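Working notes for the structure below.
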Amino acid sequence: MAHFDENAKPFSNKWLDERIGLNTLMRVLNTEYWIPKDINFLWAMGMVLAATFGILLVSGIFLLMYYKPDVATAFDSVNYTIMSEVGYGWLWRHIHGVGASIVFLIIYIHMFTGIYYGSYKKGRELIWLSGMGLFVAFSAEAFSGYMLPWGQMSYWAGMVITELFAGGSLEAVGLVEWIRGDYVPGDAYLTRFFMLHVLLIPLVIIGLIVLHFGTLRLPHVNNQEGADIDYEESAALWKAGNRKESKVIPFSPVFLSKDLFVMGVYFILFFYLVFYHFNFAMDPVNFDPADGLSTPAHIYPEWYFLWSYEILRPFSKDIGLIAFAFAQVVFFLLPFLDRSPNVAPAHKRGLFQIWFWVLLVDMIILTAMGKLPPTDPTFAFVGLVSAVLFLLMWPILIVITMFEKKIEKGA
Amino acid sequence: MRELKVLAVVVFFSLLTYYLVEPYAHHEMHKKVDAEGNEIKIESRGFAYDGSGDIEQAERKGDTALVAKKKTFWADVKKISALKGNMTAGEAGFAMCMGCHMDGAANMGGVVPPSLEHAGTLYEKNYLIALVKDPAMASNVDHKYADTMMHPMGSVSSMFTDDQSIADVVAYLMAKKAGEVTPKEAFAEACTRCHAMRYANITQLGDTPKFKHEKDALAHKIKVLEEQDAVKAYMGKLPPDLSMIIRARGEHFMETFIENPQTQLPGTSMPRVGLSHEGYEKVKEYLTEIGDPSKKHREALGPWVLFYFFIFTVLAFLWKKAMWKGLH
């Protein structure tokens with residue numbers, strides 16, 4: 001058995017260190033968790049995401065105390081009980097609604113940062129894969145949460161999305177009914193999505209966040225130039241007091257101080273949206289109670305699903321579904337489709353830089369077309385072209401990265 | 001500086017996406033087009049009623065007879081509007097209105113005749129003239145009564161047969177029934193004969209009283225259901241509960257729809273209510289009070305929260321500066 005100091009005061013530093021290795025933990029996770037110095041504010045998006053998830057969790061707990069998962073009472077428990085009877089219920093709801101939307105903006109920024117700087121490459125594959133796992137889990141969380149207010153958009157979005165599981169010409173209606181627990185979204189449907197939203201998916205998310213942090217510890221985060229840093233050498237320089245020469249900084253407090261500043265700026269934007277500009281996140285259509293006999297004029301998902309919705313929409317039923325399924329998984333494959341050995345920012349990678357900006361713009365166009373009415377022939381055509389382009393981008397990626405020149409790195 | 005350049009790129013693409021999926025997409029989704037595919041601009045006419053919108057709408061249908069009919073009708077309204085009303089004669093005329101528009105009136109031909117207690121404040125003068133002259137034309141739902149069905153207020157034409165009598169009764173309403181109106185009264189008089197508001201315990205029969213015995217509560221509920229059946233039979237469907245309507249529809253939709261329901265929902269059975277600007281403001285105030293009660297709290301708390309995070313950010317910036325000193 002390990003040695004325990006008889007004289008150590010309970011809960012003193014020494015007492016805790018002997019029992020849970022407090023000092024080791026602090027060192028490994030904070031003071032000697034080395035982060036490259038050559039970074040910009042985009043490197044703070046991870047902590048911004050963690051903070052936003054925290055906000056969603058806390059606001060969600062408050063909402064959970066008054067929400068009623070029952071088709072007869074769900075709408076009123078949200079729009080009447082929480083919004084007008086519960087003290088500050090409106091604040092928690094607006095925070096939760098805006099948070100759920102804005103978290104995806106930050107996720108996309110975080111993802112495109114990773115793509116731009118090649119942060120998914122050799123040694124960092126698991127960071128990318130666990131991150132993509134988080135993207136899927138957050139998507140499921142967002143969708144299940146969207147069902148809960150039981151408004152018109154909840155109901156009809158639920159109807160459309162679960163219908164996808166029929167698999168087009170496979171006509172697997174049995175599977176759809178099994179998922180819904182009914183022929184159409186109803187009480188059984190609402191209660192199971194409630195369970196998913198407040199228990200199962202959050203558990204998965206928390207697990208994946210831990211994994212995501214874990215995958216980061218050994219390969220370390222990337223830096224602005226993709227430089228291969230000798231962490232031991234740099235850490236030794238830092239510890240010796242040569243802070244200027246060292247290429248790294250400790251996570252806490254140096255990196256954290258910058259994170260906190262970026263978070264401050266982000267929170268100003270976040271709460272501006274919560275108080276003054278929330279309609280983008282709380283669709284007015286969803287303030288009409290769910291009505292299975294009255295289909296809204298336009299059914300569309302929240303903005304963050306629009307690009308993949310538009311990959312489904314321009315094609316015939318079966319091809320659309322296959323393209324849609326492809327779009328859902330293809331980002332997972334990125335570390336393996338990119339054949340280039342270069343870990344470098346896109347602007348140093350020749351054709352890859354063009355590929356990156358085309359992908360970004362194409363996804364923004366898809367996002368716009370996913371909401372615009374496809375009855376307009378121009379929108380339908382632009383949607384089709386950008387969907388086809390999205391599908392072609394991946395074989396193109398393989399080819400251009402195969403022929404990418406290896407960058408010789410100077411010291 | 002590099003960080004600012006990166007920030008500019010992030011902000012540019014975020015705002016571009018926002019513009020495309022919110023203002024632009026919503027404009028494209030809700031725009032109305034005529035037969036040639038040209039956009040029909042729906043604009044508020046400031047709660048003044050001169051029939052110009054109704055005439056344009058008839059012109060778009062290409063029905064020349066209807067256009068002529070509407071033009072004549074609204075020209076007549078204009079003519080009556082210029083007449084000087086006699087208050088005493090108007091009071092006598094109003095006595096006839098009271099035959100139906102009385103306290104505790106029962107459903108007549110589909111709806112309960114509304115109280116006229118604040119008609120002079122709530123409704124616009126030209127609209128009232130038009131309504132007394134021809135209720136279906138005034139409320140722009142004449143398409144519903146083209147054949148056999150008669151407007152529930154149709155009998156008014158036998159009561160006010162000449163222009164002067166219409167001018168008289170409207171002058172009386174504008175002068176004597178124009179007291180201060182609370183938002184709730186405005187809503188009750190203008191809307192509740194068709195629309196319920198469950199978050200305020202208001203049904204088509206008005207405020208729901210408190211009952212001591214469940215039996216009485218159930219008896220009242222049956223009366224409400226019967227009233228709703230009557231409204232449903234008359235309107236084609238039960239008009240929606242308005243508890244959350246202020247959040248479910250935008251400002252522009254509300255204004256233009258209430259001025260002339262046919263602009264936003266062509267063919268709807270909802271009649272034009274004829275609210276004056278003041279009447280609309282009162283109704284909107286009540287809809288906000290019930291449907292968006294947190295609005296005033298939001299506006300009061302918002303600046304403080306933003307101030308807090310501003311201080312937070314300044315302190316965080318100073319800390320960051322201190323921490324990163326001498327690193328480069």
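As the structure is a computational prediction, the values presented were derived from the model and not from experiment. Below, chain A is the first sequence line, B the second, and so on; all start at residue 1.
A:Tyr266 does not touch chain B: none of its heavy atoms, backbone or side chain, sits under 4.5 Å away. Using a 4.5 Å cut-off between heavy atoms, B:Val33 makes no contact with chain A at all. Using a 4.5 Å cut-off between heavy atoms, A:Phe112 makes no contact with chain B at all. For B:Tyr19, no part lies near chain A; criterion is any non-hydrogen pair under 4.5 Å. Heavy-atom distances place no part of A:Val262 under 4.5 Å from chain B, backbone and side chain included. Neither the backbone nor the side chain of A:Asp291 comes within contact range of chain B; no heavy atom of the residue lies under 4.5 Å from a heavy atom of that chain. Contacts of A:Tyr116 with chain B are absent, with no heavy-atom separation under 4.5 Å from either backbone or side chain. Neither the backbone nor the side chain of B:Pro240 has a heavy atom closer than 4.5 Å to any heavy atom of chain A. In this structure, chain A has no heavy atom under 4.5 Å from any part of B:Leu318. With a 4.5 angstrom heavy-atom cutoff, B:Val6 touches chain A via backbone and side-chain atoms both. If you measure heavy-atom distances from A:Met282 to chain B, the contacts under 4.5 Å come from the side chain alone. Contacts between B:Val10 and chain A at a heavy-atom distance below 4.5 Å involve the side chain alone, from C-beta outward. There is no contact between A:Phe270 and chain B, counting heavy-atom distances below 4.5 Å. Interface remark: B:Leu315 contributes no atoms to any contact with chain A (heavy atom separation under 4.5 Å).
Within the model, atoms CZ of A:Phe287 and CD1 of B:Ile245 stand 11.5 Å from one another, a figure rounded to the nearest 0.5 Å. Atom OH of B:Tyr18 is separated from atom CH2 of A:Trp303 by 12.5 Å, given to the nearest 0.5 angstrom. B:Arg2 contributes atom CZ, which lies 12.0 Å from atom CZ of A:Phe41 (distance to the nearest 0.5 angstrom). In this structure, the separation between OG1 on A:Thr375 and CE on B:Met29 is 11.0 Å, given to the nearest 0.5 Å. In this structure, NE2 in B:His26 is found 4.5 Å from OH in A:Tyr300, a value given to the nearest 0.5 Å.
The candidate with the highest count of non-hydrogen atom pairs below 4.5 Å against chain A, out of B:Leu306, B:Leu20, B:Val314, is B:Leu306. Ranked by heavy-atom pairs under 4.5 Å with chain A, the first of B:Ser14, B:Ser243, B:Ala248, B:Ala316 is B:Ala248. The residue among A:Asn286, A:Asp376, A:Val285, A:Leu360 with the most heavy atom pairs within less than 4.5 Å of chain B is A:Leu360. The candidate from B:His328, B:Lys321, B:Arg298 with the greatest count of non-hydrogen atom pairs under 4.5 Å with chain A is B:Arg298. Interface remark: of the candidates A:Arg243, A:Met263, A:His94, A:His94 forms the most heavy-atom pairs closer than 4.5 Å to chain B. Your options are B:Ala322, B:Gly291, B:Pro303, B:Gly250, and the one with the most heavy-atom pairs under 4.5 Å with chain A is B:Pro303. Comparing B:Glu299, B:His30, B:Arg198 by how many heavy-atom pairs each has under 4.5 Å with chain A, the most go to B:Arg198. Ranking A:Leu105, A:Asp76, A:Thr367, A:Asn40 against chain B, the residue ahead of the rest is A:Asp76, based on heavy-atom pairs under 4.5 Å. The residue among B:Arg249, B:Glu22, B:Glu3, B:Arg247 with the most heavy atom pairs within less than 4.5 Å of chain A is B:Arg247.
Looking at B:Glu28, its side chain never comes within 3.5 Å of a backbone N or O of A:Pro373 through a donor-acceptor pair. A:Lys371 contributes a side-chain N or O that, together with a main-chain N or O of B:Val21, makes up a donor-acceptor pair within less than 3.5 Å. Looking only at distances, a side-chain donor or acceptor of A:Lys37 sits under 3.5 Å from a matching main-chain atom of B:Leu327. Put simply, the side chain of B:Trp324 gets close to the backbone of A:Val254: a donor and an acceptor are under 3.5 Å apart.
No more than 12 heavy atoms of other residues, nucleotides or ligands sit less than 6.0 Å from atom NZ of B:Lys223. Atom NZ of B:Lys295 has 12 or fewer neighbouring heavy atoms from other residues, nucleotides or ligands inside a 6.0 Å radius. For B:Phe211, the CZ atom sits in a packed shell: over 12 heavy atoms of surrounding residues, nucleotides or ligands are nearer than 6.0 Å. A 6.0 Å sphere centred on CZ of B:Phe257 holds more than 12 heavy atoms belonging to other residues, nucleotides or ligands. Enclosure of atom NZ in B:Lys144 by more than 12 non-hydrogen atoms of other residues, nucleotides or ligands within 6.0 angstrom is indicated. Within a 6.0 Å radius of CZ in B:Phe310, no more than 12 heavy atoms belonging to other residues, nucleotides or ligands are found.
The residues A:Asp259 and B:Lys320 are annotated as not salt-bridged, no charged nitrogen and carboxylate oxygen being separated by less than 4.0 angstrom.
The closest side-chain heavy-atom distance from A:Phe261 to B:Trp319 is not below 4.5 Å. A:Asn79 has its side chain within reach of B:Tyr199: a pair of non-hydrogen atoms, C-beta onward, lies under 4.5 Å apart. Inter-residue side-chain proximity for B:Ser294 and A:Met83 is flagged as met; some heavy-atom pair is nearer than 4.5 Å. Between A:Met363 and B:Phe13 there is no side-chain heavy-atom pair separated by less than 4.5 Å. Looking at heavy atoms from C-beta onward, B:Met244 lies out of side-chain contact with A:Tyr80 at the 4.5 angstrom threshold.
Aromatic rings of B:His297 and A:Phe275 (six-membered ring for Trp) have centroids beyond the 6.0 Å cut-off, not under it.
Considering A:Val265, A:Ile268, A:Leu260 as possible partners of B:Phe312, the one that fulfils the side chain to side chain contact (heavy atoms under 4.5 Å, CB included) test is A:Leu260.
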- So B:Tyr24 and A:Leu372, side-chain contact (heavy atoms from CB on, under 4.5 Å) or not? Walk me through it. CA-CA 9 Å; B:Tyr24 182 65; A:Leu372 290 164; 3.8 Å; yes
